[in-house]
Amino acid sequence: MLRLALIGITGRMGRVVAELAAAAPDIELVAGLVSPSRDLAEASRLLPRTVRLTHDLSELVSGVDVVIDFSRPEVTADAALAAADSGVAFVSGTTGLRESEFAAIRQAATSIPVVHATNFSIGTAVLLRIVPEVARVLTRWDCEVMERHHRQKRDAPSGTALTLARAVAAARAANTSFVYGRGPGTATRQPGELGIHAIRAGGEIGRHTLLFASDEEGIEITHWAQSRRAYAAGALEAARRLVGRPPGLYQFTDLLFEV
Ligand SMILES: NC(=O)c1ccc[n+]([C@@H]2O[C@H](COP(=O)([O-])OP(=O)(O)OC[C@H]3O[C@@H](n4cnc5c(N)ncnc54)[C@H](OP(=O)(O)O)[C@@H]3O)[C@@H](O)[C@H]2O)c1
């Protein structure tokens, strides 16, 4: 049985991870981190009684095998280091991380196994496998990334849009510069540009389109999530595949597709 601690347990993603963990025969959700602004008793009304709720990271990670984190970047950095102090595997899906927060994740990965992914859906993992191949063939075609999310999303562009854009840039020999949205000054496409466009509207869970176009034709590849379960199931699968591995920073796609 995998003993799980959850960060962001009261959030949109955390609640779905908790629901799927409760239904999984091989996972036991034992602890959850509650934000300082929220009362523990109030949070406990949302969750099964068996889950130990705390405001304290070192208490959260004690006696568990793995932590799953869907929260805020500043929480993720501290949580990664707390997991490392306790020798607990760390799975994070939090997006919008700055360089200092990535540095904390890399530091943690020197002593524990860690996976950070901007998108834990299987469909996006497959997309990330094929994008370099497409981008390498269509080097002369224009490329733009478009994403749509619900109105409450805190970061823009999405982590997944950036991951896709970086995958295209890495696959192309020539230098690529990112343009965030288009407006006065960036209306006309310059050579080597890759435009990234974010839309925030309604309850859209997450939709990403990669557009490749020449003067004569075009290709659009779109992934969309029908439910947050797509991400939650992937994060739980990442946890199963991560625990017991040597320290290191693992890619979700590698964990998923290895034989
Ligand atoms: N990788 C993926 O597949 C994937 C998929 C979807 C979303 N995401 C990312 O996951 C993150 C969470 O998304 P969401 O939609 O679930 O957001 P959300 O509903 O706002 O949930 C955020 C959670 O973090 C908690 N939190 C905030 N500050 C905290 C603190 N100082 N200490 C402890 N907990 C704190 C919140 O607690 P309160 O409820 O008390 O505020 C809440 O439980 C975002 O970065 C989002 O982009 C990733």
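For ligands, and for the atoms within them, numbers begin at 1 and follow the listed sequence. Worth knowing before you read on, the calculation uses all heavy atoms, side chains too, and leaves out hydrogens, waters and symmetry mates.
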[atom]: which protein heavy atom is closest, and how many Å away?
{"atom": "atom 27 (C) of ligand 1", "value": "Arg72 CG, 3.4 Å"}
{"atom": "atom 2 (C) of ligand 1", "value": "Thr118 O, 3.4 Å"}
{"atom": "atom 12 (C) of ligand 1", "value": "Ser71 O, 3.6 Å"}
{"atom": "atom 3 (O) of ligand 1", "value": "Phe120 N, 2.8 Å"}
{"atom": "atom 10 (O) of ligand 1", "value": "Phe70 CD2, 3.5 Å"}
{"atom": "atom 46 (C) of ligand 1", "value": "Thr95 OG1, 3.7 Å"}
{"atom": "atom 25 (C) of ligand 1", "value": "Gly8 CA, 4.1 Å"}
{"atom": "atom 13 (O) of ligand 1", "value": "Met13 CG, 4.3 Å"}

Identify, by atom number and element, the atoms of ligand 1 in contact range of [X], meaning under 4.0 Å from any of its heavy atoms.
{"X": "Pro36", "result": "30 (C), 31 (N), 32 (N)"}
{"X": "Arg38", "result": "38 (P), 39 (O), 40 (O)"}
{"X": "Leu33", "result": "33 (C)"}

Q. For His55, does its backbone N or O pair with a side-chain atom of Arg38 as donor and acceptor, under 3.5 Å?
A. no
**Q.** Sidechain-backbone polar pair: Arg15 side chain, Thr10 backbone, donor-acceptor under 3.5 Å
**A.**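 Judged by distance alone, yes, a pair lies under 3.5 Å.
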Q) Is there a nitrogen or oxygen of Gly11 sitting under 3.5 Å from a nitrogen or oxygen of ligand 1? A) yes
Does this structure show an ion pair linking [X] with [Y], if we count only N-O contacts that are shorter than 4.0 Å?
{"X": "Glu258", "Y": "Arg241", "value": "no"}
{"X": "Arg148", "Y": "Glu204", "value": "yes"}
{"X": "Glu99", "Y": "Arg106", "value": "yes"}

Any side-chain donor paired with an acceptor under 3.5 Å for [X] and [Y]?
{"X": "Thr222", "Y": "His208", "answer": "no"}
{"X": "His197", "Y": "Glu144", "answer": "yes"}
{"X": "Asp56", "Y": "Ser58", "answer": "yes"}
{"X": "Ser37", "Y": "Ser35", "answer": "yes"}

Q. Which residues pass the salt bridge (charged side-chain N to carboxylate O under 4.0 Å, His left out) test with Arg72, sequence neighbours left out?
A.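 In terms of salt bridge (charged side-chain N to carboxylate O under 4.0 Å, His left out), with neighbours along the sequence ignored, Arg72 is linked to Glu74.
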(Q) Can you pull out every side-chain hydrogen bond (donor to acceptor under 3.5 Å, both in side chains) where at least one residue sits in residues 161-180? Sequence neighbours excluded, please. (A) Thr118-Thr163
(Q) Counting only heavy atoms closer than 4.0 Å, does ligand 1 sit against the backbone of Arg12, its side chain, both, or neither? (A) both
Q. Which one holds for Ile7 and ligand 1: side chain close, backbone close, both close, or neither close, with close meaning a heavy atom under 4.0 Å?
A. neither
My understanding is that we take every heavy atom of each candidate and find the minimum distance to [atom]. Doing that for [options], which one comes out nearest?
{"atom": "atom 48 (C) of ligand 1", "options": "Ala117, Ala230, Gly93, Ala225", "result": "Gly93"}
{"atom": "atom 40 (O) of ligand 1", "options": "Ser35, Ala43, Gly14", "result": "Ser35"}
{"atom": "atom 31 (N) of ligand 1", "options": "Val75, Leu57, Thr10", "result": "Val75"}

Q: Could you tell me if any non-hydrogen atom of Lys153 lies under 4.0 Å from any atom of ligand 1?
A: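 Yes.
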